[in-house]
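First the structure, in the form of structure tokens, and then the observations on it.
Side chains included, hydrogens not; waters and symmetry mates left out as well; all remaining heavy atoms used. Atoms within a ligand are numbered from 1 in the order they appear, just like the ligands themselves.
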Amino acid sequence: MDPRIYNAPTKNTWCAGCGDFAILRALKLALAEQVIAPHEVLVVSGIGCGSKLPDYMNVNGFMTIHGRPLPVATGAALANPELKVVVVNGDGDSYGIGGNHFLHTCRRNPNITHIVENNQVYGLTKGQYSPTSDKGYVTTTSPDGSMEMALNPLAVALAAGSTFVARGFAGDPKQMAQLIVAGMQHNGYALIDVLQPCVTFNRVNTYDWYRSRIYKLDEMDETYDPSSSEAAWEKAHEWEERIPTGILYNREGIPTYEDQVIQLRDNSPLKGTLSLWDDPRPEQYESLKEQFV
Ligand code: SF4
Ligand code: MG
């Protein structure tokens with residue numbers, strides 16, 4: 001499928017050179033490779049530079065309030081398990097404001113793919129330090145440097161029970177597209193944390209800074225076993241000198257949240273005999289309420 005099918009006419013307001021462009025491209029490539037029609041996918045975001053992404057795609061989109069895309073996406077996946085649900089939001093939205101939802105989505109295991117535009121800074125509000133900023137990171141609002149330890153999202157995801165954990169880099173959209181395909185094919189919650197340079201506010205974690213450190217796990221070690229939680233835990237803690245990209249952890253066979261909801265065992269609400277869309281009579285609504293409330 002031609003990825004241009006997902007192009008939207010909206011004017012893009014990202015800064016020239018922003019890593020978000022590569023994430024947008026990678027998502028389109030990943031959807032095209034899987035031959036997913038625009039109406040079959042929902043992209044959910046929150047608030048932030050990267051959360052503008054649904055506006056730039058010709059698919060179903062939902063911009064939620066700050067930090068809330070994961071529960072909204074989980075609800076959408078429950079209502080229509082056939083929908084391909086993808087969350088795209090930044091590190092502040094995912095790990096800061098939405099940190100609680102992040103933890104519980106990892107252990108809940110809904111069948112959604114979560115792409116985090118991790119630029120280690122709050123870009124939209126002009127560069128304050130974020131949960132993933134390294135300790136000592138200097139900004140205009142933290143002139144003495146961040147006093148807090150950086151959050152390690154991959155280690156947190158593993159500890160909280162995530163069944164798929166990967167890292168991409170905005171300088172390599174092809175690898176990122178492969179990771180997104182793998183995440184979408186995974187049956188359960190898939191976290192893809194993407195190192196995404198903010199060229200306007202983050203003058204430390206630049207494309208060059210990342211390029212001098214990152215390596216591809218599968219190329220460096222062909223024997224790497226992504227089903228091993230011990231190996232993933234070790235790789236999740238590599239930072240500073242060397243930073244691995246690729247699939248750190250992939251465990252199949254764990255029931256998704258949707259698998260365990262008894263009301264979904266026979267059919268999805270949208271495909272069932274009751275359809276508020278086809279037949280919105282009050283008695284249909286009452287019957288539906290009896291099943292789900
Ligand atoms: Fe991208 Fe940073 Fe510009 Fe936001 S401020 S659009 S993250 S470069
Ligand atoms: Mg950010």
- Query: Going through the checks in order, is the side chain to side chain contact (heavy atoms under 4.5 Å, CB included) test met by His114 and Ile192?
  - Reply: CA-CA 6 Å; His114 185 190; Ile192 303 161; over 6 Å; no
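- Glu222 places no side-chain N or O within donor-acceptor distance of the main-chain N or O of Glu219, the cut-off being under 3.5 Å.
- Every atom of ligand 1 is numbered from 1 in the order shown, and the set under 4.0 Å from a heavy atom of Val199 is 8 (S).
- Here the side chain of Glu258 pairs a donor or acceptor atom with the backbone of Asn111 at under 3.5 angstrom.
- For a distance bound of 2.8 Å, the N, O or S atoms of Asp91 include one lying that close to the Mg ion (ligand 2).
- Closest approach of Phe164 to Ala190, counting heavy atoms only: CD2-CB, 3.5 Å.
- Ligand 1 lies within reach of Gln196, whose nearest heavy atom is under 4.0 Å from it.
- Salt bridge Asp172/Lys216: present, at least one basic N to carboxylate O contact under 4.0 Å.
- Counting only protein N, O or S atoms closer than 2.8 Å to atom 4 (Fe) of ligand 1 gives 1.
- Among the atoms of Asn119, an N, O or S atom is found under 2.8 Å from the Mg ion (ligand 2).
- Put simply, Val121 gets within reach of the Mg ion (ligand 2), with an N, O or S atom under 2.8 Å from it.
- Screening Phe21, Trp14, Tyr6 for a ring pair (Phe, Tyr, Trp, His ring centres under 6.0 Å) involving Tyr56 leaves a single residue, Trp14.
- Between the side chain of Tyr122 and the backbone N or O of Asp93 there is no donor-acceptor pair closer than 3.5 Å.
- Remark: Arg213 is positioned above the aromatic ring of Trp209, its terminal NZ or CZ atom under 6.0 angstrom from the ring centre and at most 45 degrees off the axis.
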